[in-house]
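The figures that follow rest on heavy atoms only: side chains count, while hydrogens, waters and symmetry mates do not. What you are looking at is a predicted structure, and each value in this text was computed from that prediction instead of being measured. Below, chains carry the letters A, B, ... as their sequence lines are ordered, and counting in each starts from 1.
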Number of protein chains: 2
Amino acid sequence: MSECAGQATVFVVDDDEAMRDSIQLLLESVHLSARTFACALDFMKHFEQKQEGCLLLDVRMPGMNGMELLELLKSGGIDLPVVMITGHGDVPLAVRALKHGAFDFIQKPFNAQELLDRVHAALDLDRKNNRRNSEVAQYRALFQALTDREMEVVDLVVAGNSSKMIAKALGISPKTVDIHRANIMRKLNIRSVAEMVQLRLTLLDA
Amino acid sequence: MSECAGQATVFVVDDDEAMRDSIQLLLESVHLSARTFACALDFMKHFEQKQEGCLLLDVRMPGMNGMELLELLKSGGIDLPVVMITGHGDVPLAVRALKHGAFDFIQKPFNAQELLDRVHAALDLDRKNNRRNSEVAQYRALFQALTDREMEVVDLVVAGNSSKMIAKALGISPKTVDIHRANIMRKLNIRSVAEMVQLRLTLLDA
DNA sequence: AAGGCATTAGGTATTTCTACCTATTGGAAT
DNA sequence: ATTCCAATAGGTAGAAATACCTAATGCCTT
């Protein structure tokens with residue numbers, strides 16, 4: 001056991017109190033921190049984007065069901081890995097969940113070790129996502145220091161234009177383009193066009 | 001019906017002859033070209049990577065089963081969209097198939113329209129993949145015209161190095177680096193470092 | 001009103017890149 | 001053997017980019 005999960009939290013949403021408690025006990029028995037919720041709305045009220053971990057989500061619930069919450073989270077850009085749990089073997093439901101971005105889909109009754117394996121896999125994925133996302137967030141912060149005009153210049157440079165071509169495209173002097181370029185390089189803390197292109201592309205397809 | 005599927009083929013692998021025939025009739029009734037196979041090996045013998053379409057694959061078969069074929073195809077880099085078909089609702093099987101890259105997973109007995117909808121969606125995905133892949137293949141062909149030394153220079157340029165730095169890294173004269181760069185630009189048919197970076201990155205994460 | 005910043009632009013100097021030229025060495029193919 | 005090409009490197013020239021400087025205009029905030 002190399003890492004004891006840090007601040008990662010396993011969120012559990014299930015209307016069945018006995019199930020919530022037993023899952024919580026199971027998770028805490030392997031030193032995972034768990035927070036349980038009786039319904040989708042409770043979870044949404046307490047969850048914040050920056051929290052790390054994964055979500056164990058029962059499909060069948062009164063009020064908003066698990067599938068609806070899953071689709072709401074994914075359409076809201078929250079990429080917390082979701083392990084769906086269902087009491088009856090419904091293949092179309094499983095297919096729909098996975099195609100909507102669920103990380104996994106398991107049936108009750110489940111083996112304890114099986115659940116833990118999938119939780120650990122989900123937590124691994126979340127850690128990987130977070131590493132990637134924080135990297136992207138840093139780049140995004142750099143670009144936010146640029147003015148609109150500077151962003152125009154960035155995109156024209158990335159598209160392969162010379163300062164002279166950019167000047168023509170923007171209707172300004174090549175000299176001014178060079179000034180913008182110098183400010184861009186300083187603000188992004190880079191020293192080559194290659195780095196500018198890579199930074200920009202990283203943000204575009206993130 | 002805007003497009004009549006061109007040369008796209010729906011491959012059907014199922015050990016049940018009656019099922020093969022009925023699926024083939026259904027597909028041909030909407031002007032889709034179909035080829036059927038009684039077992040996984042037959043399909044593998046006749047399939048070539050360049051063929052476009054999708055694969056309807058029965059899970060339960062004597063000899064190599066559908067799941068094994070799916071995993072074989074995906075590990076072999078063949079990204080033909082695969083619609084798995086199974087006679088009994090087995091959720092873990094569906095989850096496994098989708099996590100291994102199956103495009104969809106449906107149960108028998110299925111509604112005819114439902115099957116056609118999924119086939120059309122699979123064909124759409126394949127067309128999209130093919131457009132993307134042929135684009136990438138063109139870029140790859142360009143890079144294959146480069147020598148090993150030129151590829152080293154490409155990677156050092158993309159990493160943001162100047163000719164002088166590259167020369168130091170390779171232990172050669174900056175002049176020679178410039179010669180390599182000129183040859184690279186000519187062979188790749190580009191006119192800026194920005195284009196070189198984009199071309200290289202497109203191949204790296206493809 | 002004063003300061004800060006974005007945008008504009010010029011000057012000058014240096015470095016870097018690109019485009020031509022020639023030329024040698026060594027290996028591979030004809 | 002001769003031809004072809006990769007890799008090496010030099011010269012010269014021009015284009016492009018970078019690094020400094022100053023400076024005007026306009027907008028926003030204090």
### Task
Go through the steps to decide whether Asn183(B) and Arg186(B) satisfy the test side-chain hydrogen bond (donor to acceptor under 3.5 Å, both in side chains), and finish with yes or no.
CA-CA 5 Å; Asn183(B) 290 333; Arg186(B) 179 178 44 77; 3.1 Å; yes

### Selected nucleotide, minimal atom distance to His180(A) side chain, candidates dT7(C), dC17(C), dA6(D)
dT7(C)

### Lys/Arg N to Asp/Glu carboxylate O, Asp14(B) vs Lys108(B), below 4.0 Å
yes

### Message
What's the closest nucleotide to the side chain of Thr176(A) if the choices are dA9(C), dT16(C), dA7(D)?
### Response
dA9(C)

### Asn161(A) CG - dA15(D) P separation (whole Å)
19 Å

### Task
Please report, rounded to the nearest Å, how far the C1' atom of dA17(D) is from the CE atom of Met196(A).
11 Å

### Query
Does OP1 or OP2 of dT8(C) have a side-chain N or O of Arg149(A) closer than 4.0 Å?
yes

### Task
Find which nucleotide of DNA chain D each of Ala182(A) and Pro174(B) is nearest to by heavy atoms, and output the residue with the more 5' nucleotide.
Pro174(B)

### Task
Kindly say if Thr147(A) contacts the phosphate of dC5(C), meaning a side-chain N or O under 4.0 Å from OP1 or OP2.
no

### Task
Please say which of Arg149(A), Met165(A), His180(A) ends up in a side-chain contact (heavy atoms from CB on, under 4.5 Å) with Leu170(A).
Arg149(A)

### Message
If I take atom CZ in residue Arg191(B) and atom P in nucleotide dA15(D), what distance separates them, rounded to the nearest angstrom?
### Response
19 Å

### Between P of dA6(C) and CD1 of Ile184(A), the distance in whole Å
12 Å

### Task
Could you pick out which residue, Ile179(B) or Val193(B), lies toward the 5' side of DNA chain C when each is mapped onto its nearest nucleotide?
Val193(B)

### Query
Without hydrogens or angle criteria, can the side chains of Ser163(A) and Arg181(A) be said to hold a donor-acceptor pair below 3.5 Å?
yes

### Query
Can you tell me if the side-chain N/O atoms of Lys164(B) get under 4.0 Å from OP1 or OP2 in dT16(C)?
yes

### Query
Which whole-number value in Å describes the distance from Asp178(A) CG to dA13(C) C1'?
14 Å

### Task
Figure out the CE/P separation between Met185(B) and dC17(C), and round it to whole Å.
11 Å

### Task
Report the distance from atom CG of Asn183(B) to atom C1' of dC17(C), rounded to the nearest whole Å.
15 Å

### Task
Would you please classify the geometry between the Phe37(A) ring and the His46(A) ring as parallel, tilted or perpendicular, with 30° and 60° separating the classes?
tilted

### Per Ser173(B) side chain, nearest of listed nucleotides dC17(C), dT7(C), dA9(D)
dA9(D)

### Query
Separation of Arg181(A) atom CZ from dT15(C) atom C1', in whole Å?
14 Å

### Message
So, under a plain 3.5 Å distance rule, would you say the side chain of Lys175(B) forms a donor-acceptor pair with the base of dT22(C)?
### Response
no

### Query
Which of the following nucleotides, dA17(D), dT7(C), dC17(C), is nearest to the side chain of Ser163(A)?
dA17(D)

